[in-house]
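Computed from a prediction, not measured in an experiment: that's the story for all the values here. Every chain is numbered from 1 and lettered A, B, ... according to where its sequence line falls, protein lines coming before strand lines.
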Amino acid sequence: MSNTLSWQHRLAERGVDRKLWLLLPATIFVLLLFIYPFLYGLSLSFQPMNGGGVLANYQKFFDDAYQRDTILTTLKISLPAALLNVLAAVPIAFRMRGRFRGKRLLTTLLVVPITLGTVLTAQGLLNYLGPTGWFNRVLMSLHLIDDPVRLTNNYWGVFFSLIITGFPFAFLLVLSYLSGIDPTLERAAATLGASRSQRFRRITLPLLAPGLATTFLLTFVLAFSVFPSAVLVGNPAGSTRVISLAAYQAAYEQYDYAYASAIAMIMGAVELVVVVIVLLWRARLYTGSTGGKG
Amino acid sequence: MSGFNRLRLEGVGRRFGTADALAGLDLTIERGEFIALLGPSGCGKSTALNCLAGLLPLTAGSIWQDDRRIDTLPPEKRGFGMVFQNYALFPHLTVRDNIAFGLRMQRLPKDEVRRRTTAAIEMVRLEDHASKLPGQLSGGQQQRVAIARATVLEPSLVLMDEPLSNLDAKLRLEMRTEIRRLHQSLGLTTVYVTHDQEEALSMADRLVVMRQGRVQQIGTPEEVHTKPSSWHVADFMGYRNLLPLTAGRVSGDAVAVPLGGTTIDGVPQGEVATGDDVVAAVRPEDVKLGSEDIAGLKGRVEVVEYQGRECAIEIMLDDGTRLHARTERKTEAGEQVSITISPGRLLVYPSDGAADRPAAELASAGLAV
Amino acid sequence: MSGFNRLRLEGVGRRFGTADALAGLDLTIERGEFIALLGPSGCGKSTALNCLAGLLPLTAGSIWQDDRRIDTLPPEKRGFGMVFQNYALFPHLTVRDNIAFGLRMQRLPKDEVRRRTTAAIEMVRLEDHASKLPGQLSGGQQQRVAIARATVLEPSLVLMDEPLSNLDAKLRLEMRTEIRRLHQSLGLTTVYVTHDQEEALSMADRLVVMRQGRVQQIGTPEEVHTKPSSWHVADFMGYRNLLPLTAGRVSGDAVAVPLGGTTIDGVPQGEVATGDDVVAAVRPEDVKLGSEDIAGLKGRVEVVEYQGRECAIEIMLDDGTRLHARTERKTEAGEQVSITISPGRLLVYPSDGAADRPAAELASAGLAV
Amino acid sequence: APTTNQPVAESTGDVPDKPSKAVTLNILDVAGNLQLTQGMIDEFVKQHPDVISKVTYSKAPAPELAGKIKAQQNANRVDLDIVLTGTDGLAAGREQGLWLDLLPKYADRVAGMKDYLPPAQKMQELAGNSGITVTYYPSGPLLEYLPAKVPTPPTTAEELLAYAKANKGKVMYARPANSGPGRTFLMGLPYILGDKDPKDPINGWDKTWAYLEELNQYVDFYPSGTADTMKALANGSATIIASTTGWDINPRVLGTVPKEAAITPLKGFHWVTDAHYAVVPKGVSTDKQAAILQLLNFMLTPEQQAKAYDKGYFYPGPAIKGVELAQAPQESKDAIAEFGRPEYDKLIADNPTEVPLDAKSLVAAFDKWDREVGGSKVKKS
Amino acid sequence: MSSRAIKATPTAWFIWAAVIFFFVNLAGVVGSVLVSSFGKRWFDTWVPSGFTTQWYGDAWREFGLLQVISVTLLASGLVVVLSVLVGAPAAYVLARQNFPGKRLVYLTFLLPILMPPITYGIPLATVLYKFGFAGHLSGVVLANLVPSVPFVILTMTPFIEQVDPRIESAARMLGANTRAVFLKILAPLLVPGLLASAILVLVRTVGMFELTFLTAGPDSQTLVVALYYSMSAAGIRAQQSVDAMAVMYTAMMLVLLVVALRFVNPTQLVARVKEEPSE
Ligand SMILES: Nc1ncnc2c1ncn2[C@@H]1O[C@H](COP(=O)(O)OP(=O)(O)OP(=O)(O)O)[C@@H](O)[C@H]1O
Ligand SMILES: Nc1ncnc2c1ncn2[C@@H]1O[C@H](COP(=O)(O)OP(=O)(O)OP(=O)(O)O)[C@@H](O)[C@H]1O
Ligand SMILES: NCCCCNCCCN
Ligand SMILES: [Mg+2]
Ligand SMILES: [Mg+2]
């Protein structure tokens, strides 16, 4: 008895007790439905369908400019889109901190695009930004342009679709980070003689930076996995042939699951590189309490 | 920013929606004064301070610095220093950078910034902590950073909003002395907000007692302590015995009030006529236990609370009135005692009808907060 | 749950990782006692209470209720009541349902639940608020709901964790009396946690003074107040003057210590030999101002803080030592005064080497929190 | 809910004439074929509830077909009973060995197979033993344009190139791997240009590849589906697009493309024919196979085949001989009367027909096109 | 009332202009789909030539939308219930308890929402097919659980942290056992949090394309997947009937959203990623 008791004493010291059983379902779930398939995909990627060395699939990918370039294509779309989403969100969220009439309506309106989904957005962009869509019509009737600008079925179509679905998300995240910063800090800076812009640059921005990094990451992850819109509003044969499309084609057009898994793994790895770079940068920032709601 | 000789608030008010958080505040602050704004939670103290600082636009009145109207200036142009309730230290800047912030905003030469910052750090004795972040400091240390940050600019006016309310009792005592010392040695003019009457009494040259957005009394600590202007102020200033009574005979500077089956004399505060509803106020320390045989008030000790040198006791008078007293004498619950009230220490206030009377203790306790 | 005659804590300890939040707590609680756990923030008071309640598993020691070992029982099996710091009322239940919660958990008949709940509501005088939600109540009312909820089960032991710390000063005083009254009238056994020494002194039958997870002293309020067992306890109990000195001549129950250029006698607390490092402790109220001409300690008044009836003053002795005193005499900064220390009120404690000395005031202030 | 099939083992025995009890069929359409045949199938179910009690339909893009079926077969849980597919899905599945070989063993149970039109018969030969042709059309390549915008359409490959050069971005065809007209255009070019071996895209299509690469300079982008090219034609952002008979008539019926749109062939063109097939994945129970054979037999009767005229979707549509427009439902007759083109009869009669590339060559051609034509807009290092 | 009116700075004007520009274009995007879905024919003109509702009927029939919508709601409902059942207890432990390896566990739980769905979706679909789940509702539900459970954990954790642990302690001290604490105290207090995460998971699952696309079978397509097919599957389909489907999809999402916003503040719709404390 005293033995089991002292054992319990030692576990208790470390915070291990019966409550931890509650983690069990989620743990089993994540192991079976995420870790296992992931590892399965990983091991599959080392078993090339058409023989060859363990790394043959990876070699095949990197030897083939047509495939390799998808990495760059994807980054060229997702990085600027994520960056724009975050940067545009900051000033707008900043304006929205205070209380004003219609704030809830405005935030609600901003939530709407999240629910549009990529497919509807694609369809809407094709209609609206297409050569005879309202956008071009307005520009032409204002004589700003003579010929329709091509904004769909190319890079821009995908880019806009990432803005429409990504910006509201980034905005809401930034807004919640921003409202976590104690407003008295800015007031304190004001009493110390800091002007509006100095207060923003010296106080708010540094405190917001880690949140911006996180927001950037989350929108980047969304943008990086762009798939339906790359097909529907992009130019999937050319400038928007993103890596998820390559993975999809390998799996479902060439039936080479091993190769598809390898591409998926490469995709994860590339994304991880960006994530790690951003996290390393973020780790150098001040990330403690911001004095606000937590 | 240049100093000033006199700061005048004229009818300053601030309204939120339809509620006046602050109304008609008139106050003149002389250079070098230490003024405390005192009052219960929600009475408008912080509102007044923020109006003064420029953090909250006025909705009425004006503020004058000598002959210059300043209530339209933004905070960064007023040149006042402010110490916030939870310090509002910049969490991402070191102690040194926090203190240097204001100097840098003035674009002073690097050398001067360094010199003055170092001096301020020494002044608050944080040499060993200069390169820590605020999160790594104790409450008392943070407090001192906040004070150094506000005073390093040598502001013409320093505003402090309950700067001690987050500290524990022992530290609070020490920081009190420290703030007062800084005020004196730096020759500051200070407006200090607190809801702790002892703090206000011990630190300020003048107190401004507020209630429900309005000034109740302005005076020296002694004036406010010994001559509260209304029973509400008395209540707040530690007159724990507040008795709703009816005034008896008024003769010169004394009014007789019925208490415990007999009648005792009090000092009328304001217009009191025979038959008026009044509130009599007396502090526990002015209720003295006499020996049993002296004629006068009599009662039974109900509760005794040991408080070290003294005991706080609660006495039930023969007419059911409860009186709080403090005594060094050893007493026990149940003991019969006779009571004297120090002459001149029973203040008798007129009361504005039935609504304006102190409520019975527990019920009021419940409703007061 | 049945009552008990005696509750014993034997070597109770609780460790978090590598840090002992509580170590070797031995304490026997008799039925009907009111025990206060007292100590600065972080000293382990709440930890001790939670161990007793069963909310925190022990990592050492055992707890016995008469002859039954209870430290392995979950909280719901111990039958203790608890009042939490922020009351921890169930925000989604009405006052009545909050109070009835425990009775319902015991699956008592509806009638009995209703009857006992109603009685408890009457006891704390909340009849008019029975169907409100906690969010609609004032702090004092919430407080009373918490007490009623904990006591309606007639628990053998009631635990209270700083139940008054969120109330304002005036209400705190009133609720103190109220709690003590309930303790007596319901015949409860109470363990009460506080960091306010005045609160502990005025309410408890016995105090347990703690520091850094360890018990420093157990005794009646008077014992702890007048004879703190170490200078740390003294520090906490309001001995604001703590002077690191070297013991002079020891004679019987007196030890001479050098102070302000002269030598005065103190009462040794523990083993003190000539030449030892000691800490002398005296309360400000035991430092008296004499008239100028009396021989003895002399100094200059440095700071005067008005505190109503009395002033708190700080005196710089000729040798540079600062002493805190309280006086009813009118003094001014700069005045020369002579000082006497009430005989028997200067306590002289051995100190364990250089590390175990009170630090200079401000520095200690910073580090203490 | 799907009826889970028996394990693969039980699906290999002899197929009875009639299922032991009425079955439920899950039909997947990856070719848009249901537009033509759903009416026939529903009719069969109505007439023979004792054979098929219920049919569920679903649609998917062709490319993912094989992967899905293969995965199901690996898991021993095939829940698709008939796949309606074009040559692409058919071939992909054959390469993976996904389809049951119903032929030649049960050919006599589907009587209509003996009456295939000659080019449909050739298409059937392409299917080997696993697929049964259900609809046929000569397809293209054709060019479609709006006469208002292109008063004098190009009639030769050279003129098309010149037109494209003069009107940059106005000539459009969709990515061949995803588009019937796109691939028909691709497969038709070697005949028009007179390439060495029109059946060998890697070694025999020098002129074709050179032509496509030159054309590519005047093409802004390749949409991922034919529908996008039709939309472009309708809204004027393209003026000439690749088309086929069906893609010409049906979108005009639907109002996706203005009625005035016209077509023209390029000089020297051969029809590259197209067909839709019904295939049965391995793993489907013999009971179901029996029902499927009865159903296919029914579908290949002239009365049912007449439904394939539809609204010009796969014009003309029927795979067997002797099916006249007059036999078609009234809706079809009306639509074709209004939107059909009398000149098609002559074009079909006067030009040679060719079967499309076999699956391997086609995939190679797609891959080459993807990399060298479509993908040339991706910078390569 | 205030003596000083709020003065808008040029930056403020610029920002508001940008917001308005965004909304105008957004309205254009959504509006053009809506208008087109009712248009008879719409070529090179401002508005369609004539209006009709026929496309809704066409889309409804061609894609068997009744079945698709019921599958969508059923699958999303199952995902919501399961992910809350699995996620909420884990969120509880992560909000309340410190234990060795907590950071690792937390990271593992969050990984699925940090990964592109395609990255794990392809191997996941392969595994699900291998075990016979994919191609059926069960596969769709399992695949959608992968990002949903972490999402529940992420959204619930702050809500649980907001419940003072002393309230639980108080219940225990009053004799409540673990079950009673969960049912009588935590559950009612967490209703807003549960609703928030349930509704969010619902909205996300209805809108989740990739994972459903990779695992759905003929009878388990959801509305987004059907919509994608309507745009990309073989065959000729009037543009307007795709638009009609998109409008139906949006209408459904909007209904869910309006319901959601009755319970949840819009800023809570996006989870606050918990900051790891700095060391
Ligand atoms: N931004 C605001 N909007 C609406 N009402 C406000 C606002 N700020 C303060 N108030 C109200 O104005 C009154 C005065 O508030 P103020 O903060 O000045 O009180 P205080 O005396 O500082 O109290 P405390 O001691 O609690 O800090 C209160 O009733 C408060 O509710
Ligand atoms: N869950 C925990 N994990 C780690 N350390 C803890 C935990 N709970 C308490 N401690 C530590 O144990 C020590 C004692 O804490 P405890 O809460 O008992 O102090 P306390 O005397 O109640 O203080 P206070 O007056 O501030 O409430 C503190 O140093 C605290 O940081
Ligand atoms: N009427 C044209 C129908 C086109 C259908 N797609 C054909 C694809 C064949 N695999
Ligand atoms: Mg305030
Ligand atoms: Mg505590």
*Does A:Ser229 reach the main-chain N or O of A:Ser161 with its side chain, forming a donor-acceptor pair under 3.5 Å?*
no
Counting only heavy atoms closer than 4.5 Å, note whether [X] contacts chain E via side chain, backbone, both or neither.
X	value
A:Leu232	side chain
A:Ile243	neither
A:Leu126	side chain
A:Phe167	side chain

*Distance (rounded to the nearest 0.5 Å) between A:Ser176 OG and A:Phe171 CZ*: 10.0 Å
_chain E interface, residue from A:Glu271, A:Met267, A:Arg196, A:Gln123 that has the most non-hydrogen pairs under 4.5 Å_ = A:Gln123
With a 4.5 angstrom heavy-atom cut-off, could you sort out which part of [X] is near chain A: side chain, backbone, both or neither?
X	answer
E:Phe133	neither
E:Leu111	both
E:Ala18	neither
E:Val93	side chain

*Report, as yes or no, whether the 6.0 Å neighbourhood of atom OH on A:Tyr36 holds more than 12 heavy atoms from other residues, nucleotides or ligands.*
yes
*Under 4.5 Å between any side-chain heavy atoms of E:Met115 and A:Val221, yes or no?*
no
*Shortest non-hydrogen contact from E:Leu94 toward E:Lys102*: O-NZ, 2.8 Å
*How are the rings of A:Trp134 and A:Tyr128 set to each other: parallel, tilted or perpendicular (split at 30° and 60°)?*
perpendicular
